[in-house]
Amino acid sequence: VTGAGPVIFDAYGTLFDPLSLADPLERAFPGRGAALAANWRATQIRHTWLRSLMGAWVDFATITADALRQTLDGEGLPVGDDVVAAVLGQYDTLPTYSDVLPALATLHGSRPLAILTNGDRVTVEVTLDVAGLEIVIPTVLSAEAVRTYKPSPAVYRLATDHFGCDPSDVTFVSGNAWDCAGAGAFGFQVVRIRRSAETTEAVGPPPFATIDDLRELPGLFTP
Ligand code: LAC
């Protein structure tokens with residue numbers, strides 16, 4: 001990557017680990033936490049696409065709660081308000097992946113850093129704060145501003161509008177293959193961080209680079 005354009009990160013599945021919520025789910029439903037967390041996350045993402053195509057926007061917290069209830073109900077598990085509240089209550093304190101802090105510490109100061117997320121802005125800001133990263137990543141751009149979700153180009157455009165730059169000036173980092181596809185189609189230089197075994201989507205241009213650890217990211221930039 002050349003130039004000194006912004007580096008923009010997806011939030012969930014890139015910096016913050018939503019599958020860590022397998023732990024409270026495991027406590028509530030022993031032996032099923034990991035599968036429930038994965039199914040919940042897939043349902044949540046699917047709902048963002050459904051609602052975007054249907055023109056039926058609701059905020060991300062509502063999607064997240066609906067997806068959790070649907071997941072539990074679909075597995076024949078009781079959807080108790082106490083369990084739902086306890087699990088959802090941990091969403092704004094999701095942990096970062098272990099490579100995030102060292103990678104960002106290296107990048108900090110070298111170029112503008114931001115988050116572009118489908119998550120609600122305030123929730124993501126709280127999570128950043130809890131992780132001690134609000135100084136390192138001062139800008140959170142949320143899809144809520146355009147009341148639709150990635151991979152709509154309207155959401156990626158929030159970044160080029162904010163920074164007053166061309167799509168090709170942006171390095172976009174995501175652990176979600178669908179997000180990499182959308183960002184690449186918009187014209188960002190995409191770096192995929194392999195947080196899961198999912199394959200690269202054969203839609204739009206392939207990522208500029210794929211890395212297994214976020215600490216590889218600073219090395220992609222030529223001075
Ligand atoms: C994000 C999630 C949906 O945009 O990956 O942060």
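Read the numbers this way: they start at 1 and go in the same order the structure lists the ligands and their atoms.
Applying the 4.0 Å criterion to heavy atoms of A11 picks out, from ligand 1, the atoms 6 (O). Less than 4.0 angstrom separates some heavy atom of N176 from each of these atoms of ligand 1: 5 (O). The ligand atoms of ligand 1 that sit less than 4.0 angstrom from a heavy atom of N118 are 1 (C), 3 (C), 4 (O), 6 (O).
For ligand 1, none of its N or O atoms has an N or O atom of F60 under 3.5 Å away.
Below 30°, between 30° and 60°, or above 60°: for Y149 and W57 the angle between ring planes is below 30°, a parallel geometry. Ring geometry for F16 versus Y12: interplanar angle of 30 to 60°, hence tilted.
In this structure, R111 is positioned above the aromatic face of F221, its NZ or CZ under 6.0 Å from the six-membered ring centre and within 45° of the axis.
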CA sep, side-chain torsions, deciding dist, call: E26, R32, salt bridge (charged side-chain N to carboxylate O under 4.0 Å, His left out): CA-CA 6 Å; E26 179 68 23; R32 308 180 75 161; over 6 Å; no
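Proximity of Q44 to ligand 1, defined as any heavy-atom pair under 4.0 Å, is not found for any part of the residue.
Remark: the backbone N or O of T106 is not paired with any side-chain donor or acceptor of S110 at under 3.5 angstrom.
Scanning the protein heavy atoms around atom 6 (O) of ligand 1, the nearest turns out to be T117 OG1, 2.7 Å. In this structure, the protein non-hydrogen atom closest to atom 2 (C) of ligand 1 is D10 OD1, 3.4 Å. If you check which protein heavy atom lies closest to atom 5 (O) of ligand 1, you get Y12 O, 2.9 Å.
Follow the hydrophobic side-chain contacts under 4.5 Å out from V146 and you never reach L53; the two are in separate clusters.
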